[in-house]
Engineer: 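A single structure is presented below for examination.
Read the numbers this way: they start at 1 and go in the same order the structure lists the ligands and their atoms. Starting from 1, each residue takes its place in the sequence as its number. Atom set for the values below is all heavy atoms of this structure, side chains included, hydrogens, waters and symmetry mates excluded.
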Amino acid sequence: MKKEVNNKNNLMDKIISLCKRRGFVFAGSEIYGGLANSWDYGPLGVELKNNIKQLWWKQFVQMRDDVVGIDAALIMNPKVWESSGHISTFSDPLIECKKCKKRFRADQIDLKNCPECKGELGESRQFNLMLKTFLGPIEDKDSIVYFRPETAQAMFVDFKNVLETSRKKLPFGIAQIGKAFRNEITPGNFIFRTREFEQMEIEYFIKEENWQEVFKHWQKEMQSWMIDVLGLKQGSIHELDVPSSELAHYSKKTIDFEYDFPFGKKELYGLAYRTDFDLRNHFKDEVPYKEEGVEPFYPHVIEPTFGVDRSVLAVLCGAYQEEDERIVLKLKPQLAPYKVAVFPLLKNKPELVAKAKEVYDNLKKDFMVAFDDRGNIGKRYYSQDEIGTPYCVTVDFDTLENNEVTVRDRDTTQQEKIKVSELNNYIKEKIYGN
Ligand code: GAP
């Protein structure tokens, strides 16, 4: 057993530094001094994020008969946000320091004075989080539009179109993955709270009488996603039954799934019973759901919602380990940016390099593969451990003789000899179990 020397000291700093050093996440617009907590996903970060999104889509849309997907416009008719209640109620309490003029969320500070300069704080007022812009060449009040603050509303607005084209009957869901924008008062904690982020949401339409049963179903689905797919530790996840005084304007019951981030226990995902609030508000003139033998009615909604960026952050925090000599990201293999890395033992032996390239090209048909011929093998292993590559394959002089390579496992560091002809299946079996 390797001694784990992981500790929570400066864990966020270490993760942010690893993300930058290895190309997971960079500060957005960095060469211009950045922009208010915006972040760009680099070559490895985009792979990790895409893997999460693809696994989610597969599990919750493609593998199910009762959920279909959409990909709607980011900017919707402003009437959508009037009907949804966002224009009137989607706000946070804002408080400003009279001295340094810094702004804070009043519900996030329980001090009488400014946490920055100790100056006197002003009165709290509501600040709407909708991000505005103008559509078209004229910048007047009639051309004001909003970037969507959640993906959810398109699933309600498109409800009838989806129903008619997919011929689904209750219960069924509509899913979407996409960007959302909120003019957050205090973005922060790296990619945890930003003004531009991604969501993966399902609006699951039901008959009212079934809401508790369906709520439990999605609660289990979300637990299984976090533990079995993302590999988060059960003990790091907590469920908060949101008190009725703090429920969003549309919700009758919400559970927040909280995760033990290095900066504290914070919301990762949510599960809400939205009643028929949304469909009732969008379809005022026509009840949108009909079934034979009953009067048309408004379906009720259970909404499991998942933040993509918070998923990435939780996965990185959970996977980061410091051992005696190495930093290792113990990512679930399905999430890892590279599934396998190939090394020729020596860079200056053309026959080894040629054979390694052949192995690399063959693996590339099935996986994301890295190739590295720099430095010594030990350094190359550590370099791949740091980005979570589950398997490293070394081509040495024996390979030229017997067509066997050495496969080294990231977590155990054990090595095994495998025939080149069996390599792709071996890795596939290890990663996907088939
Ligand atoms: N449609 C329901 C809804 O949007 P929410 O709790 O406001 O509910 C859902 O947001 C999820 O979106 C959160 O649980 C979180 O994962 C993510 N999220 C919300 N605001 C965010 C922000 N400013 N930055 C990053 N992720 C955010």
Side-chain angles (χ1 to χ4, degrees), residues 25 28 36-39 41 49 52-53 56 70 72 74 76 80-81 83-86 89-92 105 107-108 127-131 146-157 173-205 218-219 222 225-226 230 232 237-242 246-259 261 263 265-275 277-279 281-282 301-317:
V25 182
N37 246 84
S38 73
W39 300 95
Y41 287 82
K49 185 157 84 135
I52 291 173
K53 291 195 283 186
W56 188 91
I70 59 166
L74 291 179
M76 304 175 77
V80 169
W81 310 112
S83 299
S84 69
H86 281 83
T89 57
F90 194 57
S91 53
D92 277 337
R105 257 178 68 175
D107 56 338
Q108 284 182 347
F127 174 78
N128 193 288
L129 301 180
M130 303 283 285
L131 199 71
Y146 304 91
F147 288 96
R148 65 183 179 196
E150 59 173 12
T151 60
Q153 291 305 319
M155 276 84 101
F156 303 124
V157 172
I174 309 180
Q176 181 171 207
I177 299 180
K179 289 248 173 171
F181 300 80
R182 296 182 189 178
N183 207 0
E184 297 281 0
I185 297 169
T186 45
N189 285 325
F190 194 35
I191 52 174
F192 177 80
R193 189 184 308 284
T194 50
R195 294 189 172 119
E196 173 179 344
F197 56 96
E198 261 183 292
Q199 293 183 317
M200 309 184 280
E201 297 197 293
I202 300 161
E203 306 306 320
Y204 198 80
F205 300 96
W218 282 105
Q219 191 176 356
M222 294 181 85
W225 162 262
M226 288 182 276
L230 296 190
L232 303 181
I237 300 163
H238 311 276
E239 292 183 16
L240 172 77
D241 211 334
V242 177
E246 288 173 29
L247 288 173
H249 60 278
Y250 50 75
S251 169
K252 209 161 175 181
K253 179 179 171 74
T254 296
I255 287 180
D256 280 351
F257 291 91
E258 299 182 319
Y259 181 72
F261 288 100
F263 44 86
K265 188 166 75 168
K266 301 272 179 205
E267 177 185 333
L268 174 61
Y269 300 147
L271 173 62
Y273 170 37
R274 293 182 76 123
T275 68
F277 176 88
D278 304 275
L279 288 182
N281 282 308
H282 288 305
V301 172
I302 301 293
E303 178 195 63
T305 174
F306 306 67
V308 177
D309 311 84
R310 287 188 192 177
S311 306
V312 171
L313 185 57
V315 162
L316 287 170
C317 294

Engineer: Report the residues that fulfil salt bridge (charged side-chain N to carboxylate O under 4.0 Å, His left out) with R182, sequence neighbours left out, ordered by chain and then residue number.
Structural biologist: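 Testing R182 for salt bridge (charged side-chain N to carboxylate O under 4.0 Å, His left out), a comparison that skips the adjacent residues, returns none.
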
Engineer: Donor-acceptor pair, N128 side chain versus M130 backbone, under 3.5 Å?
Structural biologist: yes

Engineer: For the residue pair Y269 and M226, establish whether any side-chain heavy-atom pair is separated by less than 4.5 Å.
Structural biologist: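 Yes, their side chains come closer than 4.5 Å.
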
Engineer: Before signing off on this row, confirm whether E201 and ligand 1 have an N or O atom pair separated by under 3.5 Å.
Structural biologist: yes

Engineer: I need the atoms of ligand 1 closer than 4.0 Å to a non-hydrogen atom of T305, numbered in the order shown.
Structural biologist: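 The atoms of ligand 1 under 4.0 Å from a heavy atom of T305 are 9 (C), 11 (C).
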
Engineer: With the side chain counted from C-beta on, respond yes when L279 and F205 share a heavy-atom pair under 4.5 Å apart, and no when they do not.
Structural biologist: yes

Engineer: Looking at non-hydrogen atoms alone, which of E184, R310, E303 comes nearest to atom 2 (C) of ligand 1?
Structural biologist: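 Looking at heavy atoms only, the winner is E303.
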
Engineer: Could you tell me if the ring centre of Y259 sits under 6.0 Å from that of F261?
Structural biologist: yes

Engineer: Could you check which of F181, F197, F192 puts a non-hydrogen atom nearest to atom 20 (N) of ligand 1?
Structural biologist: F197

Engineer: Kindly assign one of parallel, tilted or perpendicular to the pair F277 and Y250, based on the angle between their ring planes and the thresholds 30° and 60°.
Structural biologist: tilted

Engineer: Any idea how F147 and F181 line up, ring-wise: parallel (<30°), tilted (30 to 60°), or perpendicular (>60°)?
Structural biologist: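 Rings of F147 and F181: tilted, as their planes differ by 30° to 60°.
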
Engineer: Just need the protein heavy atom nearest to atom 12 (O) of ligand 1, so name the residue and atom and give the distance.
Structural biologist: Q199 NE2, 3.3 Å

Engineer: Which atoms of ligand 1 are found less than 4.0 Å from any heavy atom of E267?
Structural biologist: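 Numbered from 1, ligand 1 contributes 6 (O), 13 (C), 14 (O).
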
Engineer: So with a 6.0 Å cut-off around NZ of K179, is the heavy-atom count from everything else above 12?
Structural biologist: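 Yes.
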
Engineer: Side-chain contact, heavy-atom cut-off 4.5 Å: K53 with E198?
Structural biologist: yes

Engineer: Taking only non-hydrogen atoms of R274, do any sit less than 4.0 angstrom from ligand 1?
Structural biologist: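 Within the 4.0 Å threshold, so yes.
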
Engineer: Numbering the atoms of ligand 1 from 1, which are under 4.0 Å from a heavy atom of G307?
Structural biologist: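 Ligand 1 atoms under the 4.0 Å threshold to G307: 16 (O), 17 (C).
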
Engineer: Please state whether Y250 comes within less than 4.0 angstrom of ligand 1, counting heavy atoms only.
Structural biologist: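 Y250: in contact with ligand 1 (<4.0 Å).
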
Engineer: Check this for me, if you would: do E201 and R274 make a salt bridge, where the nitrogen-to-carboxylate-oxygen distance has to be below 4.0 angstrom?
Structural biologist: no

Engineer: Numbering the atoms of ligand 1 from 1, which are under 4.0 Å from a heavy atom of A152?
Structural biologist: 1 (N)

Engineer: Under 3.5 Å, N or O to N or O, is E150 touching ligand 1 that way?
Structural biologist: yes

Engineer: Report yes or no: does T194 have a heavy atom closer than 4.0 Å to ligand 1?
Structural biologist: yes

Engineer: Would you mind running through ligand 1 and noting each atom that sits below 4.0 Å from a heavy atom of Y269?
Structural biologist: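 Heavy-atom distances to Y269 below 4.0 Å select 14 (O).
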
Engineer: Do any nitrogen or oxygen atoms of L268 lie less than 3.5 angstrom from nitrogen or oxygen atoms of ligand 1?
Structural biologist: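 L268 vs ligand 1: N/O contact under 3.5 Å present.
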
Engineer: Students should be able to answer this: which protein heavy-atom is nearest to atom 7 (O) of ligand 1, and at what distance?
Structural biologist: R182 NH1, 2.8 Å

Engineer: What part of R195, side chain, backbone, both or neither, has a heavy atom within less than 4.0 angstrom of ligand 1?
Structural biologist: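 Neither part.
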
